[in-house]
Undergrad: 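Take this structure first; my questions come after.
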Amino acid sequence: MKKIYFLTFFLAVQLFANSQNSVCDSTGNFIVYSNYDGGTLRLSVDVNIPNIQIGIVSYEDDSVIISGPFAANVAKVVYAGYYNSSNVHCSPNIGVKGVYGVPSNIVSINFVPAATLSNGNGNGSIICNYSCNASTNQGGCNTPDQIVDYFYNQFPGSKMYYHQTQYGCWTGNYLVSGGGNCCIVPITTGIEGATQVVNNLFFPNPAQNELRIQLGSNEIRKTIELYSLSGYLLKETNLLEGLSIGKISLEGLAAGVYVAVLKEGTTRKVQRIVIQ
């Protein structure tokens, strides 16, 4: 079967979501730190990862201090969020916000940029993230899949090493070798067009013999695709115009978790489905 390497399915696949000291992908080369309260993030690059890239998201003021024996490996740092917030809850006050310990020309400060992934539980702009939960409302902040999707777009061709997320202020020293606590990860990378994660588009879910979808009245060409979690295209059905219900057979597929995709023009609606 053909394996697709150039589609992104952000399904909030949750690995090690509640465990500490976890690495999402040992071959990854970017890490993400996200919170709400900001503070001083002291990050020690104590692992020899070539061309390491760092993504930081916060709502309140941050001071990021990068050091360690392999700090020279850092190739890019992107801060995204409400950079000039007047809210300061961390003590002592950080005084001067910014990113230190790496050349200034590899640092980008992106003020509340637009989210690259739509999730109804999160903000439409990248502003803050404090939870490893993509399926409940985040109170004005982003869901973790939105955060990861954003940095996959900022660091093209890279893979996430881990994601550390928390609500409160950064405290103590953070070692790259310490890992993170959130692995809401994409299956593969590089989608063309808009992607939206949905929960109730395909039915029944769980399914057995057939998967169905209620179609809209527009005349855009529609296709249903079914993928394994590892990114293999398993089935594909082009839908005729005028259909009210689209269908795709599940014949020959083993019980398990799969990825269903509705393609409409340049948009993709993506849902995790279970086959019994």
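Computed from heavy atoms alone, side chains included, the values below leave out hydrogens, waters and symmetry copies.
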Undergrad: Counting C-beta onward and ignoring hydrogens, is there a side-chain heavy-atom pair between Val32 and Asn129 closer than 4.5 Å?
TA: no
Undergrad: Between the side chain of Asn35 and the main-chain N/O of Glu60, is any donor-acceptor distance below 3.5 Å?
TA: no
Undergrad: So, do Tyr150 and Val57 sit near enough that their side-chain heavy atoms are less than 4.5 Å apart?
TA: no
Undergrad: Check Val23 against Cys183 and note the closest heavy-atom contact, atom names and distance.
TA: C-SG, 4.2 Å
Undergrad: Of all heavy-atom pairs between Val77 and Val102, which one has the smallest distance, and what is that distance?
TA: CG2-CG2, 4.2 Å
Undergrad: About how many Å separate CG of Asn133 and OH of Tyr130, when rounded to the nearest 0.5 Å?
TA: 9.5 Å
Undergrad: Is the shortest side-chain heavy-atom distance between Phe202 and Leu262 below 4.5 Å?
TA: yes
Undergrad: Under 3.5 Å, side chain of Gln166 to main-chain N/O of Cys169, donor-acceptor pair present?
TA: yes
Undergrad: What distance do Gln138 atom CD and Ile147 atom CD1 have between them, rounded to the nearest 0.5 Å?
TA: 10.0 Å
Undergrad: With Tyr161, which residues qualify under ring-ring contact (aromatic ring centres under 6.0 Å, His included), at least two apart?
TA: none
Undergrad: For the NZ atom of Lys263 and the CD atom of Glu236, what is their distance to the nearest 0.5 Å?
TA: 6.0 Å
Undergrad: Are Glu251 and Asn209 close enough that some pair of their side-chain heavy atoms sits under 4.5 Å apart?
TA: no
Undergrad: Using modelled atom types only, decide if a donor and an acceptor are shared between the side chain of Asn123 and the backbone of Asn142 within a distance under 3.5 Å.
TA: no
Undergrad: Considering residues, nucleotides and ligands other than Asn48, do more than 12 of their heavy atoms fall under 6.0 Å from its CG?
TA: yes
Undergrad: Which distance, rounded to the nearest 0.5 Å, do you find between the CG of Leu215 and the CD1 of Ile224?
TA: 6.5 Å
Undergrad: Would you call Arg221 and Asn238 a side-chain contact if the rule is heavy atoms closer than 4.5 Å?
TA: yes
Undergrad: Are the side chain of Tyr174 and the backbone N or O of Thr171 linked by a donor-acceptor pair below 3.5 Å?
TA: yes
Undergrad: So how far is it from Thr237 OG1 to Ile213 CD1, rounded to the nearest 0.5 Å?
TA: 11.5 Å
Undergrad: Could you tell me if the side chain of Ser58 sits less than 4.5 Å from the side chain of Tyr33, heavy atoms only?
TA: no
Undergrad: I'd like to know if the side chain of Gln53 reaches the main chain of Phe155, judged simply by a donor and an acceptor atom lying under 3.5 Å from each other, with no hydrogens or angles considered.
TA: no
Undergrad: Measuring only between side-chain heavy atoms, which start at C-beta, is Thr116 closer than 4.5 Å to Tyr152?
TA: no
Undergrad: Looking at Ile106 and Val74, what are the two nearest heavy atoms and their distance?
TA: CD1-O, 3.5 Å
Undergrad: Taking salt bridge (charged side-chain N to carboxylate O under 4.0 Å, His left out) as the test, write out the residues that go with Glu210, two or more places apart.
TA: Arg212
Undergrad: Would you say Asn110's side chain and Val112's backbone share a donor-acceptor pair under 3.5 angstrom?
TA: no
Undergrad: Is a donor on one side and an acceptor on the other found under 3.5 Å between the side chain of Asp46 and the backbone of Leu175?
TA: no
Undergrad: Report whether Phe203 and Tyr258 are members of the same hydrophobic cluster (ILVMFWY, side-chain heavy atoms less than 4.5 Å apart, transitive linking).
TA: no
Undergrad: Is a donor on one side and an acceptor on the other found under 3.5 Å between the side chain of Asp62 and the backbone of Gly38?
TA: no
Undergrad: Report yes or no: do Thr143 and Asp145 form a side-chain donor-acceptor pair below 3.5 Å?
TA: yes
Undergrad: Between the main-chain N or O of Leu117 and the side-chain N or O of Gln146, is there a donor-acceptor pair closer than 3.5 Å?
TA: yes
Undergrad: Can you tell me how far the OG atom of Ser125 sits from the OH atom of Tyr82, to the nearest 0.5 Å?
TA: 11.0 Å
Undergrad: Where the side chain of Asn29 meets the backbone of Ser158, is there a donor-acceptor pair that is under 3.5 Å apart?
TA: no
Undergrad: Do Lys159 and Thr27 get their side chains close enough for a donor-acceptor pair, meaning under 3.5 Å?
TA: yes
Undergrad: Give a yes or no on this: more than 12 heavy atoms of other residues, nucleotides or ligands lie within 6.0 Å of atom CG of Asn51.
TA: no
Undergrad: Looking only at heavy atoms, which two atoms of Asp37 and Cys90 are closest? And how far apart?
TA: O-SG, 3.1 Å
Undergrad: Go through the side-chain N and O atoms of Tyr162 and Gln164 and say whether any donor and acceptor fall under 3.5 Å apart.
TA: no
Undergrad: Locate the shortest heavy-atom distance separating Leu253 from Leu226; write the atom from each residue and the value.
TA: CD1-CD2, 3.2 Å
Undergrad: So, Thr40 and Ser63: side-chain donor and acceptor under 3.5 Å apart, yes or no?
TA: no
Undergrad: Determine the minimum heavy-atom distance between Lys76 and Gln154, stating which atoms define it.
TA: NZ-O, 3.0 Å
